[in-house]
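This report refers to the structure that appears directly beneath it.
Each chain gets a letter, A, B and so on, in the order the sequences are listed, and its residues count up from 1. Side chains included, hydrogens not; waters and symmetry mates left out as well; all remaining heavy atoms used.
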Protein chains: 2
Amino acid sequence: MVDRSQRATARKATTLKQLAAHVGVHVSTVSRALNPETRNLIGPEVAKRVLAAANELGYVPNSMAAALRTGQSRTVGILIPDLMNPVFPPFIRGIQDTLDGAGYTAIIANSDGDKDYERVIVQKMQARFVAGLIMATALYRDDPAVGECIEKGIPVVLINRGVDNREISAVVSDDGAGIAAAVEHLVRLGHRRIAHAAGPPETYTGMMRRRAFLNAMQASGLPADEDLIVFASGYTVPAGREALAALLERGKPFSALIAANDQLALGALDGLAEAGLRVPRDVSLVGFNDMPLVDRIDPPLTTLRIQHYEMGAEAARILLDELADPQRDRRTVMLEPQLIVRGSTAPAT
Amino acid sequence: MVDRSQRATARKATTLKQLAAHVGVHVSTVSRALNPETRNLIGPEVAKRVLAAANELGYVPNSMAAALRTGQSRTVGILIPDLMNPVFPPFIRGIQDTLDGAGYTAIIANSDGDKDYERVIVQKMQARFVAGLIMATALYRDDPAVGECIEKGIPVVLINRGVDNREISAVVSDDGAGIAAAVEHLVRLGHRRIAHAAGPPETYTGMMRRRAFLNAMQASGLPADEDLIVFASGYTVPAGREALAALLERGKPFSALIAANDQLALGALDGLAEAGLRVPRDVSLVGFNDMPLVDRIDPPLTTLRIQHYEMGAEAARILLDELADPQRDRRTVMLEPQLIVRGSTAPAT
DNA sequence: AGCCTTTTCGCAATCGTTTGCACGTGCTAG
DNA sequence: CTAGCACGTGCAAACGATTGCGAAAAGGCT
């Protein structure tokens with residue numbers, strides 16, 4: 001038999017008042033003694049007694065009360081499309097670890113790509129007093145959620161996506177350099193007819209990488225044929241398969257394909273197999289993101305590795321900076337992706 | 001030039017008081033009108049006016065204040081070892097989606113397997129007024145964090161791990177049935193000398209699956225040779241490689257290996273390759289978890305799929321139930337894993 | 001010794017909500 | 001016709017921490 005009465009009464013949680021009574025001073029004194037910023041206002045001997053008592057009684061401050069009083073919850077919100085997409089956990093760890101060091105806590109919300117729901121989330125976040133927001137949602141322009149934040153004056157840092165105006169900080173990876181490296185790699189292998197499976201046109205990465213592809217092709221003196229670019233309907237494996245089918249449908253020959261994303265690359269891989277084309281013998285394939293385990297699939301995927309964790313950490317640092325000084329200039333930092341050459345790319349035949 | 005003064009002043013956030021002034025009634029009336037539970041105490045016409053005004057002014061309640069007053073934050077904490085381990089995101093999504101429906105929010109913390117830090121996390125959670133905790137950390141017994149929770153009367157639900165006593169609810173997958181299915185599958189393929197790469201002995205899953213392995217072998221009338229069981233030092237790929245090396249060191253022949261985890265299986269795959277053994281020709285291999293992309297590696301991994309998302313959802317449901325009625329009996333629910341047969345298992349030669 | 005500065009601490013208001021209680025209507029029933 | 005009841009609303013006290021202000025004590029200076 002479990003002792004339920006005890007279980008029910010166990011809820012204690014020492015408060016400032018109790019601590020004050022225990023030490024024999026006023027609550028305000030205890031409060032100041034506990035806060036390193038204000039501790040110098042208190043006599044060293046009293047401060048020591050307070051600290052000791054706090055430690056003894058296992059005092060943990062009630063952050064709700066503090067947040068209510070100060071209007072600062074030491075909480076930031078993270079908004080992503082879907083936690084189960086393996087791209088996001090490293091972002092989040094980077095953010096969390098950095099935030100932790102500054103005494104902040106993150107709350108994470110998934111939007112599943114639903115624009116309207118994103119706004120709802122922002123409101124919920126606001127109700128929870130978030131000091132700021134880090135958004136890794138994919139939309140490019142016309143994003144109501146960021147509009148809501150700007151309007152309400154909530155600091156926002158974008159991650160893995162930019163935005164039109166310069167009112168918002170962002171940390172992105174250098175898609176231009178990444179795609180250029182991929183194109184260069186393929187060109188060096190002798191490929192000339194290179195296709196691109198682009199991400200959805202309404203996404204930031206979709207547009208950026210497509211533009212980067214066109215630029216890189218041009219820089220290499222290759223024809224940047226629009227017919228060799230297909231837009232995927234989403235960043236998923238099935239979308240990649242469909243995109244490849246559409247590409248084949250056009251009848252334009254190509255010996256290499258750069259996908260805007262590893263998932264698209266995997267879908268393309270399936271589509272190529274269905275069409276009787278082997279990778280890399282018939283078509284070389286390069287992805288983007290270096291997801292876990294793509295180094296162990298058959299064939300191992302050549303791809304662009306993004307510094308996911310570091311991007312998250314940087315985004316958090318920027319947000320903390322802007323929280324400390326709201327006047328600070330907004331900035332966009334770019335991190336270099338790295339081309340990881342594996343078995344899915346080979347010399348053109 | 002950005003208008004910084006506006007940015008600074010934009011922080012408005014309508015409060016109950018402002019709403020009350022706008023409608024011309026007392027704050028308490030507004031509060032009651034807004035709460036569906038108490039709305040019937042208010043005249044229907046007034047209630048309608050309040051609702052309209054709330055909508056118009058975009059009122060969102062300050063959850064900090066509400067939490068402070070009621071002592072209920074509608075927040076639950078999730079404690080996991082590491083978000084970047086692909087096992088956990090589905091758990092978390094399951095939890096979040098279920099919690100969302102009940103108006104709860106989750107805050108996630110990573111312990112990185114550090115026992116002491118886990119306690120710190122529990123304290124931080126407590127300071128944030130969490131109504132309960134869901135813990136997916138791996139430890140079996142002697143876990144200080146759950147002790148802390150029981151002591152403080154914080155409701156806890158364990159996920160993917162059990163605990164000695166019956167004071168805590170848990171949702172786990174049926175390791176016994178899962179391992180039995182794997183053994184049966186291998187036996188049917190003609191294997192008789194089956195080895196097991198067990199998880200660390202201090203983990204719940206490590207112990208359970210090892211015991212399940214012994215039981216299943218016995219049930220199949222096969223020798224359950226302790227020499228064919230190696231403990232890995234962690235649930236990682238390198239640990240799997242080392243475990244396999246240790247197993248080979250013993251010199252006992254085996255034609256099949258069941259790993260306690262997909263990561264261990266991948267490490268074992270590496271180790272086997274190094275030793276010049278091919279999978280599945282020389283050794284059949286089965287993993288546990290069905291991580292993303294293990295269906296696309298070479299060879300595709302036969303593994304046990306556990307219902308990650310559903311387990312998370314169930315854990316959240318249980319916690320919500322216990323929050324609603326603390327007297328409710330604790331329970332342990334078991335979900336069936338499913339054997340997914342792929343290319344890494346083949347008939348014994 | 002008297003005055004002024006500094007240090008150390010207490011007082012009390014405040015953040016925005018919730019909720020037990022009391023007060024005032026209008027109504028029904030006896 | 002009035003006692004009594006239900007209903008709708010206002011009043012005010014919490015919840016626990018922070019902080020400007022003022023007061024007392026301590027110390028330094030001429």
Rounded to whole Å, CD of B:E37 lies from P of C:dT19 at a distance of 10 Å
Item to complete: Using distance alone, with no hydrogens and no angle criterion, decide if B:S73 and B:R128 have a side-chain donor and acceptor under 3.5 Å apart.
Response: no
At under 4.0 Å between heavy atoms, what does A:T70 touch on the DNA or RNA strands: base, sugar-phosphate, or nothing?
sugar-phosphate
Under-3.5 Å donor-acceptor pair between A:T15 side chain and D:dC15 base | no
Please answer whether the main-chain N or O of A:D114 pairs with a side-chain N or O of A:D112 as donor and acceptor at a distance below 3.5 Å.
no
B:L41 atom CG is separated from D:dC11 atom C1', nearest whole Å, by 16 Å
Between B:T38 and B:N62, whichever has its closest DNA chain C nucleotide further toward 5' is B:N62
In whole angstroms, the gap separating P of C:dT17 from CG of B:L34 amounts to 9 Å
note: B:H26, atom NE2; C:dC23, atom P; distance rounded to Å ~ 15 Å
Whole-Å distance, A:R128 CZ to C:dT17 C1', equals 14 Å
inquiry  = Applying a 4.0 Å non-hydrogen cut-off, can you work out what A:I42 is touching in the nucleic acid: base, sugar-phosphate, or nothing?
reply    = sugar-phosphate
Whole-Å distance, B:L16 CG to D:dT9 P, equals 16 Å
Cut-off 3.5 Å, side chains only: do A:T203 and A:R161 have a donor facing an acceptor? no
Comparing nearest nucleotides in DNA chain D, the 5'-proximal residue of the pair B:R32, B:L68 is B:R32
Checking B:E322, B:R330, B:E314 against B:S169 for side chain to side chain donor-acceptor pair (under 3.5 Å), the one that qualifies is B:E322
Here the distance between atom C1' of C:dC15 and atom NZ of B:K17, to the nearest Å, is 9 Å
With no hydrogens and no angle check, is any side-chain donor or acceptor of B:R39 less than 3.5 Å from a backbone partner on B:L34? yes
When rounded to whole Å, the CZ to P distance for the pair B:R39 and D:dC7 reads 18 Å
Query raised in the report: Does A:Y59 make a side-chain N or O approach to OP1 or OP2 of D:dG16 shorter than 4.0 Å?
Result: no
D:dG10 OP1/OP2 closer than 4.0 Å to side-chain N/O of B:T29: yes
Taking for B:G24 and for A:A66 the nucleotide of DNA chain D with the nearest heavy atom, the one nearer the 5' end belongs to B:G24
Of the candidates C:dT8, C:dT19, D:dT9, the side chain of A:P44 sits closest to C:dT8
Looking for any heavy atom pair under 4.0 Å, which part of the strands does B:F129 touch: base, sugar-phosphate only, or nothing? nothing
Among D:dT19, C:dT17, D:dG10, the one nearest any side-chain atom of B:S28 is D:dG10
